[in-house]
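Let me begin by presenting the structure, written as structure tokens, before commenting on it.
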Amino acid sequence: MKIYGRLDCPSALRHIAKGNYVKYRVFFADEAAAIAAGYRPCAICMREKYLQWKQTQI
């Protein structure tokens with residue numbers, strides 16, 4: 001699953017510290033670009049937007 005979130009996301013920072021994510025990390029100009037590329041909001045650092053996204057999933 002492709003996930004977008006904040007640069008200071010505690011979950012992402014933990015994974016990066018373990019050596020994960022780094023080679024797959026992508027940066028977008030804005031949220032609309034991330035969504036258009038098929039990414040979903042992070043459930044940790046973007047909780048409200050994630051819950052809204054989850055309601056649209058069946």
Side-chain angles (χ1 to χ4, degrees):
M1 175 60 61
K2 299 175 187 178
I3 301 170
Y4 72 91
R6 296 186 342 225
L7 292 175
D8 64 346
C9 176
S11 179
L13 293 175
R14 277 192 304 274
H15 285 282
I16 290 168
K18 294 178 184 177
N20 300 321
Y21 284 1
V22 177
K23 67 180 180 179
Y24 303 107
R25 206 165 186 202
V26 178
F27 295 90
F28 296 98
D30 54 35
E31 185 176 29
I35 293 168
Y39 285 68
R40 69 144 172 99
C42 174
I44 304 300
C45 69
M46 303 188 77
R47 188 73 177 161
E48 292 298 319
K49 290 187 181 201
Y50 169 77
L51 292 173
Q52 290 171 359
W53 170 84
K54 189 154 176 86
Q55 288 180 342
T56 66
Q57 305 305 300
I58 298 175

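Since the structure is predicted, the reported quantities are computational estimates derived from the model, not experimental observations. For the numbers below, each heavy atom of this structure counts, side chains included, while hydrogens, waters and symmetry mates do not.
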Original post:
Between CZ of Arg47 and NZ of Lys54, what distance do you get to the nearest 0.5 Å?
Top reply: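 So the CZ of Arg47 and the NZ of Lys54 are separated by 9.0 Å.
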
Subject >> Inter-residue atom distance Ser11.OG - Ile3.CD1, 0.5 Å rounding >> reply: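 The OG atom of Ser11 sits 8.0 Å away from the CD1 atom of Ile3.
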
Residue pair [X] / [Y]: nearest heavy atoms and the distance that separates them:
X     : Y     : value
Cys45 : Gly5  : SG-CA, 3.7 Å
Ile44 : Pro10 : CG2-CG, 4.3 Å
Phe28 : Ala37 : CE2-CB, 3.7 Å
Tyr50 : Cys42 : CB-O, 3.6 Å
Lys49 : Glu31 : NZ-OE1, 2.7 Å

Original post:
When you look at OH of Tyr24, are more than 12 heavy atoms from neighbouring residues, nucleotides or ligands closer to it than 6.0 Å?
Top reply: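 Check fails, neighbour count at 12 or below.
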
Original post:
Given the rule in the side chain to side chain contact (heavy atoms under 4.5 Å, CB included) test, do Tyr4 and Val26 qualify, once you have shown the distances and angles that lead to the verdict?
Top reply: CA-CA 9 Å; Tyr4 72 91; Val26 178; over 6 Å; no

**OP:** Let me see the working for Ile16 and Arg25 under side chain to side chain contact (heavy atoms under 4.5 Å, CB included), right down to the final yes or no.
**Re:** CA-CA 10 Å; Ile16 290 168; Arg25 206 165 186 202; 3.5 Å; yes

Subject >> Trp53 reachable from Ile35 in the ILVMFWY side-chain graph, under 4.5 Å edges >> reply: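 In one cluster with Ile35: Trp53, no.
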
